[in-house]
Amino acid sequence: MKLGILKENHFSRVAIVPGSAKKLQNLGFELVIEMSAGQNSGFTDIMYRDAGFEVVERSQVFEKADVLVNIGPLQDNELSKLRQKSVYISMFAPYQNENVVPQLSKYNVNFMSMDMIPRTTIAQSMDVLSSMASLAGYKAVLQAANHYNNMFPMMMTAAGTIPPTKVMVLGAGVAGLQAIATAKRLGAVVEAFDTRAAAKEEVKSLGATFVEVEGASDDKGAGGYAVQQTEEYLQKQRKLVQEKALKSNIIIATAQVRGRKAPVLISEDTVENLKPGSVIVDLAASTGGNCAYTENNKTIVKNGVTIIGNSDLADELPGVASTLYSNNVINFLQVLIKDGAVVLNEENDIIKSVLISKAN
Ligand code: NAD
């Protein structure tokens, strides 16, 4: 059985790193990778060859792979090259686009979406969304620090005392908590908003202040995700965000509701009243953004405020992001592969969630 890995069309990352070879071989795989697949993440063809991968042309990966893995899903022109009844593992985000599954069902392939891994304790080691969000939260703070015209920690010098930077984090999930931890390490004073009650203790344990907006809807049955809030709540929240934002220098926006447009929490009016030089990093940009002015995949400046719209900051840490994705995929394959063969056991909750379209 052959595991194929493609060079990504749009990312710097690679789905499987050379260090994963042993575990994959132990599962019964022979490994085939496209030439220079790892070149943008620090993994050379020589490293792959030394680890036991066969390094080949892209077309040969399609021809040989029984199980094919990548990160950004292929388009129709390449989906048609997948082998009949093979397994293709990627991140299809079917919860964001209802056309994904009907489109995939045209192919006689088993499609598995790593972003559908359930948020259960047993599946935590396979959770690619958490791995990538955590890196994005860290990188968001570094991006903000780079664009900010001041420093984060308080500093007492002979020339005067510099006050610490104030960072506001919207959404204290995986990315938000990592942003809080990173900003605290850099010496900032941090406050955070979230609608889930569970987030309060987590924020406090990182030494940040939790800002509560009364009347949030919360649902423990939503699989760890937030639920949509009423317009009345969001209005109240926008007002409090504005009040706090005017005293902040940096805003890291991560608030999302799975399968829906991100809530707009930073209004135009708030941006227009922020201190010049302030920076907003909007990790919710791909689902509309938490800031009214956010443009996805663009950095813009409005009234002296830099607004970075980027939901894919994990790709700016391609070495570690590839390693974590690779580990997540191996942990999933350890569930999928039994005695050297793929077993589509749909009684297994993880396989049932991930298998979004099945071969005939
Ligand atoms: P996410 O990316 O969907 O959302 C980011 C954050 O935005 C969430 O914390 C959400 O509550 C928050 N949010 C939504 N609307 C908001 C609003 N109006 N104002 C402020 N915040 C708002 O979520 P995520 O970060 O991927 O995960 C959220 C949580 O799920 C985690 O913190 C964790 O508790 C849980 N989780 C559990 C597991 C597991 O058990 N295996 C794995 C991953 C995450």
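Read the numbers this way: they start at 1 and go in the same order the structure lists the ligands and their atoms. Along the sequence shown, the residues carry numbers beginning at 1.
Within 4.0 Å of ligand 1, protein heavy atoms come from Arg119, Thr120, Gln124, Asp127, Ser130, Gly171, Ala172, Gly173, Val174, Phe193, Asp194, Thr195, Arg196, Gly224, Tyr225, Ala226, Leu234, Gln237, Thr254, Ala255, Gln256, Val257, Pro263, Leu265.
With hydrogens and angles ignored, the 3.5 Å screen pairs no side-chain donor or acceptor of Asn310 with any backbone N or O of Asn297.
In terms of the side-chain contact (heavy atoms from CB on, under 4.5 Å) criterion, residue partners of Asn77 (sequence neighbours excluded) are, by chain and number, Gln75. Every residue meeting the ring-ring contact (aromatic ring centres under 6.0 Å, His included) condition with Phe53, not counting sequence neighbours, appears here in chain and number order: Tyr48.
Residue pairs satisfying the salt bridge (charged side-chain N to carboxylate O under 4.0 Å, His left out) criterion with at least one member in residues 181-194, sequence neighbours excluded, are listed as follows: Asp194-Arg196.
In the hydrophobic clustering of this structure, Leu82 groups with Ile33; members are Ile, Leu, Val, Met, Phe, Trp, Tyr whose side-chain heavy atoms approach within less than 4.5 Å, directly or through other members.
With Arg238 as the partner, the salt bridge (charged side-chain N to carboxylate O under 4.0 Å, His left out) test is satisfied by one option alone out of Glu232, Glu268, Glu231, Glu243: Glu231.
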